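Reviewing the structure listed below.
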2 protein chains.
Amino acid sequence: MFFYYIYHMRKKYTIKDIAELAGVSKGTVDRVIHKRGKVSEKALIDVTRILEEIDYKPNLIARNLKNNKVYSICVLIPDYHLDDYWLSCKEGIESVKQEFASFDIQIKTLLYHSKDVNSFLQKSNEVLALKPDAVLMVPSFQKESETIINLLANQDIVVSIFNNNIPNNKIFNFVGQDLIKSGRIAAKLFDLILGNGKVAILYIGANFKNATYFHEKDQGFKEYIKQTDTALSSVTQTFSSENLELELTNFLSQNPDVKGIFVTNSKTYMVAKLIKKHNLKDIKLIGYDLLEENITYLKNNTIQFLIHQNAKHQIHLGLTNLIEYFMFSKKTPKRNLLPINIINSENLSSYTQKETIYE
Amino acid sequence: MFFYYIYHMRKKYTIKDIAELAGVSKGTVDRVIHKRGKVSEKALIDVTRILEEIDYKPNLIARNLKNNKVYSICVLIPDYHLDDYWLSCKEGIESVKQEFASFDIQIKTLLYHSKDVNSFLQKSNEVLALKPDAVLMVPSFQKESETIINLLANQDIVVSIFNNNIPNNKIFNFVGQDLIKSGRIAAKLFDLILGNGKVAILYIGANFKNATYFHEKDQGFKEYIKQTDTALSSVTQTFSSENLELELTNFLSQNPDVKGIFVTNSKTYMVAKLIKKHNLKDIKLIGYDLLEENITYLKNNTIQFLIHQNAKHQIHLGLTNLIEYFMFSKKTPKRNLLPINIINSENLSSYTQKETIYE
DNA sequence: TAAAATTATGTGTTCGAGCACATTTTTGTG
DNA sequence: CACAAAAATGTGCTCGAACACATAATTTTA
C-alpha cells in the first residue's frame, strides 16, 4: 500500500519561514534577498544557504499587492481607419484590455497617418507629453523613430516596438517576424507549385524606400533561388496603388513569362482583382495578411497562399510583455520572433475563428 | 494648450471606496458582492448601484493572496519514452512549471503505455488515489476514459483533455485541432502541388480502430475531393509499423498511379525513409508533426509539408487554462481549437526556435 | 414592555513581501 | 571604561479581499 501524502506538498516557503530556519528576523532575510547590505557576514551566509537550499521564489502576488501603482502605456500605431492591415491591432489592444481589466493598467492608443511623417511626429510629441510608463510603437519612419525613442528613453519611459525592427539598444522588446525568412517561404511555395518559371516580386504603394520589409522579403526570395537548385527566377518591380491596373498590365505584357506574382504586403487583393478581371488563370499569387478582401480571393483560389503576419498577435505580445514586466517583474527577451504562418483556403478558418467558444 | 492629467487616472476602486460611497461598511459591500445575504434592501440597492456605476472589478491579486491553497494537477499522457510524438509534451509541462514557479501549483506527470489499456487503467487509478484538484489527460481509450472521467468528476476533480476529444459534458476544457479540417488541408496541398492524380491516405501502427484521428483526417481528405472540382483521387490503406517496408512496397507496385502519400500521423519519416531508399522521387509526401526524423526528411525535400499539431502548445494551454481558473477564477472556453500550421522546410525554423533570446 | 431571537452592520485579522522605523549589538575613540 | 558612532537586527504597518467574529438594530415572543 502506497501513501501519497508526499504529493500534497506543503505551501511554498515564505520569508518568515526562511527567517525562522536561519534564526534571524524577516527584515534580515529581506535585506539579503534585495542585497540592501547592513547584514553581518554570518547572517548573509546562513540566509543565502537556506535560500539556495529551498530554491526560494518570492510570491509575486504578494509582492505586487504592495506595489499599488497605476501603470500607463501608450500605443502609437498607424491609423487603422486608413489601412485595413492595422485593423487587427485594434482587436489585439481590446483583448489585452479585457485580459487585464482587474489590474491597474491604463492603455491609450494614438493613431498616426502611416504615410505622413508630420502626423507621426505630432502624435509622438503627444505621447511624450503624456509621460506614460511605457510606449509600444510601430517605428514606421526610421530616422524620426530613432529620435523619439531616444527622447522617451531619456525620460525613463520603457519603449517597445513591433511589426518592423530598427536598430536601437534602448528598445525594451521587439515583436515581429523574420522577414528574410518570410521571403524565402514565398519562394519555397512557388518552387513547389510552379516547379520552374519566373516570379515577379512586387511592392505596391508609395515611398518604397521607407518600406524596409519589402527589401528584406525581396532579399529572402532571391537568397532562396541562389542557395537551392530551384528552376525559379525572379524579377522585382514596384508599383503605385493608384495606377496599379495600367502599370501591372504593361509590366505583364512586357514580361509574358511571369508565372507567379509575390506581393510583399497586404495589398495582395489588388493584384488578385486584376488577375480575376483579366482572367489570368495561369498566374499563381502569393501575398500577405488575412484582410477581408484577401480572404475572398484566397477562397476562390485566385490567391494560392497568404503569409500571416498576425499583427494582432504581435501587438498582444508586445503589450503583455510590458504589463508582465511591470506587474510581475517578468523577464522579457529583446526579440520575439513569431512563427510565420502559411495560410491557404483550408486552414484559414483555424486561424480566424474566435478562440472562445463558451457553453 | 492641453492638459493630460485626465490620462493619469486614479487607482481602481476598492471595497473600502465603495463602502464609503454607499455609506456602509466594507463588510456589507462584501456581502453584497458575494451574495451572502444578511443585507437590508436599502443597502443592497445602494451598493449594487455603485458597483454597477463604477464597473467594479475586484483586485485578483489581493483576492488570490488570501486564498492560499496549494493546487495540485495531475497530467496523464502516453509515455513519451515510447513515442517521440509525446516528447514535446514534456517541454510543455516544464515551461508551465517554470512560468508558475512563484505560485503554489503542484504538477505531477503520470505516463501510460499508449497501446496498453491496462497501463492506462492502472495509471488512472493512481491519479484517483492522488485526489488532485484537477487532471489534464489524453483520453486514448474512449470507453475507459469515459469511466475515469466520471469517477474523477464525482470526486469534484476538474478534468480537462487534449489531443483528441471525446463527448462528455463533465469535461472542463478540451484543447486540440479540428481533424477533419486537418485532412482537408492535406488534400488542398496535394491539389496545389500535384494538380491531379491519386493520393494514398495511410495509417501506420497497430489497432487503427482506436485511432479516431485517422478516420477524421481521412474523412476530411475525401470531403475536399468531393466538394471541390479537384482532379485528385484517393485510396485509404492501413499498415503495421513492423512490416511497413514490405507492405508499402507491395501496395505501391499494385498502385503504380499513386503520386502522393498522406501519412495521417507522426510516423511520416518511416515512409520518407523508404521513398529515399527506393528513390521514388515522384511521390510527394505530406505528414504530421515536427519530430527530429520528420524534420530531416522535410529539409532534404523528401517530405513536402508537415502539418504541425503542436502537442506542446496544446498541453501548455490545457494547463494554463486550469491554473488561471484556480488562481484567478478565469473563465475558460469548453473547446480551444488551435490553428493548424502548415510547415515546409523554410518556415520550420520560425516554429522550432526558442522564443527567448535574452541579451 | 422586557427579554429573547433574528437580522443587519461593523471591526479586526489574515495572506506574503516590502520598507520605514525602532531597537539592539558591535566597534571605535578619548 | 564610558560614551558616541556605526552596524546589525528586529518590529510593525501597508497593500485589497475575504471571512470570522463582535456589536448594533430590529422584530418576535412571553
Side-chain angles (χ1 to χ4, degrees), chain A residues 10-48 50-51 54-71 100-105 326-330, chain B residues 10-48 50-51 54-71 100-105 326-330:
Chain A
R10 71 182 303 289
K11 282 197 62 59
K12 292 180 77 67
Y13 288 92
T14 70
I15 282 192
K16 213 176 135 195
D17 297 329
I18 294 159
E20 272 172 35
L21 287 168
V24 295
S25 74
K26 67 197 184 86
T28 303
V29 175
D30 181 69
R31 278 181 286 269
V32 171
I33 288 171
H34 295 284
K35 302 191 173 70
R36 289 195 230 280
K38 304 193 175 179
V39 173
S40 69
E41 205 169 331
K42 179 182 168 356
L44 183 72
I45 291 166
D46 288 357
V47 172
T48 307
I50 287 167
L51 283 174
I54 64 170
D55 188 26
Y56 171 74
K57 297 260 166 45
N59 182 326
L60 296 183
I61 284 181
R63 169 180 289 177
N64 181 269
L65 181 60
K66 191 68 195 358
N67 166 26
N68 59 334
K69 181 172 159 26
V70 182
Y71 288 103
F100 292 95
S102 310
F103 299 89
D104 277 334
I105 303 279
F326 285 133
M327 302 286 287
F328 304 115
S329 351
K330 195 192 129 186
Chain B
R10 72 183 302 291
K11 283 199 58 61
K12 293 182 78 69
Y13 287 93
T14 71
I15 283 192
K16 213 177 135 194
D17 297 328
I18 294 160
E20 272 172 36
L21 286 168
V24 295
S25 74
K26 66 199 181 85
T28 303
V29 175
D30 180 71
R31 277 182 285 269
V32 172
I33 289 171
H34 295 284
K35 301 191 173 72
R36 289 196 230 279
K38 303 192 176 181
V39 172
S40 70
E41 203 169 332
K42 180 180 166 0
L44 182 72
I45 291 166
D46 287 358
V47 173
T48 307
I50 287 168
L51 284 174
I54 64 170
D55 188 26
Y56 172 73
K57 298 259 166 51
N59 183 325
L60 296 182
I61 284 180
R63 169 179 290 177
N64 182 271
L65 180 61
K66 190 70 202 349
N67 168 26
N68 59 335
K69 181 173 160 23
V70 182
Y71 288 102
F100 293 95
S102 311
F103 299 88
D104 276 334
I105 304 280
F326 285 133
M327 301 285 287
F328 305 116
S329 350
K330 196 192 128 186

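All heavy atoms count here, side chains included; hydrogens, waters and symmetry mates do not. Keep in mind the model is a prediction, meaning the values are calculated, not measured.
The distance from the CD1 atom of A/I105 to the NZ atom of B/K12 is 10.0 Å, given to the nearest 0.5 Å.
The nearest whole Å value for the distance from the NZ atom in B/K16 to the C1' atom in D/dA18 is 16 Å. Rounded to a whole Å, the NZ atom of A/K69 is 15 Å from the P atom of D/dG16. Nucleotide D/dC15 holds its C1' atom 9 Å from the NZ atom of B/K11, rounded to whole Å. To the nearest angstrom, P of D/dG16 lies 12 Å from CD of B/E20. As a whole-Å value, the separation of B/H34 NE2 from D/dC19 P is 6 Å. In this structure, the CE atom of A/M327 is 12 Å from the P atom of D/dG16, given to the nearest Å.
Residue-level contact check: A/I15 touches the backbone only, with heavy atoms under 4.0 Å from sugar-phosphate atoms and none from bases. Nucleic acid contact for A/R31: base, since at least one base atom lies under 4.0 Å from a heavy atom of the residue.
The aromatic rings of B/Y71 and B/F326 sit parallel to each other, their planes meeting at less than 30°, with 60° as the upper class boundary.
Proximity note for B/D30 (side chain, C-beta onward) versus D/dT9, D/dA18, D/dG16: the nearest is D/dA18.
Residue B/T14 places no side-chain N or O under 4.0 Å from the OP1 or OP2 atom of D/dC15.
Contacts between chain B and DNA chain C, taken as any atom within less than 4.0 angstrom of a protein heavy atom, begin and end at C/dA8 to C/dG16.
Residues B/K38 and B/L65 both approach DNA chain C. Their nearest nucleotides, taken by heavy-atom distance, put B/K38 toward the 5′ side.
A donor-acceptor contact under 3.5 Å is formed by the side chain of A/K26 with the base of D/dG12.
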| said: Could you walk me through whether B/K42 and B/I45 satisfy the side-chain contact (heavy atoms from CB on, under 4.5 Å) test, starting with their C-alpha distance in whole Å, then the side-chain angles of each, then the deciding distance to 0.1 Å, before giving a yes or no? | reply: CA-CA 5 Å; B/K42 180 180 166 0; B/I45 291 166; over 6 Å; no
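Across all non-hydrogen atoms, the minimal contact from B/A19 to B/K26 is CB-N, 3.6 Å.
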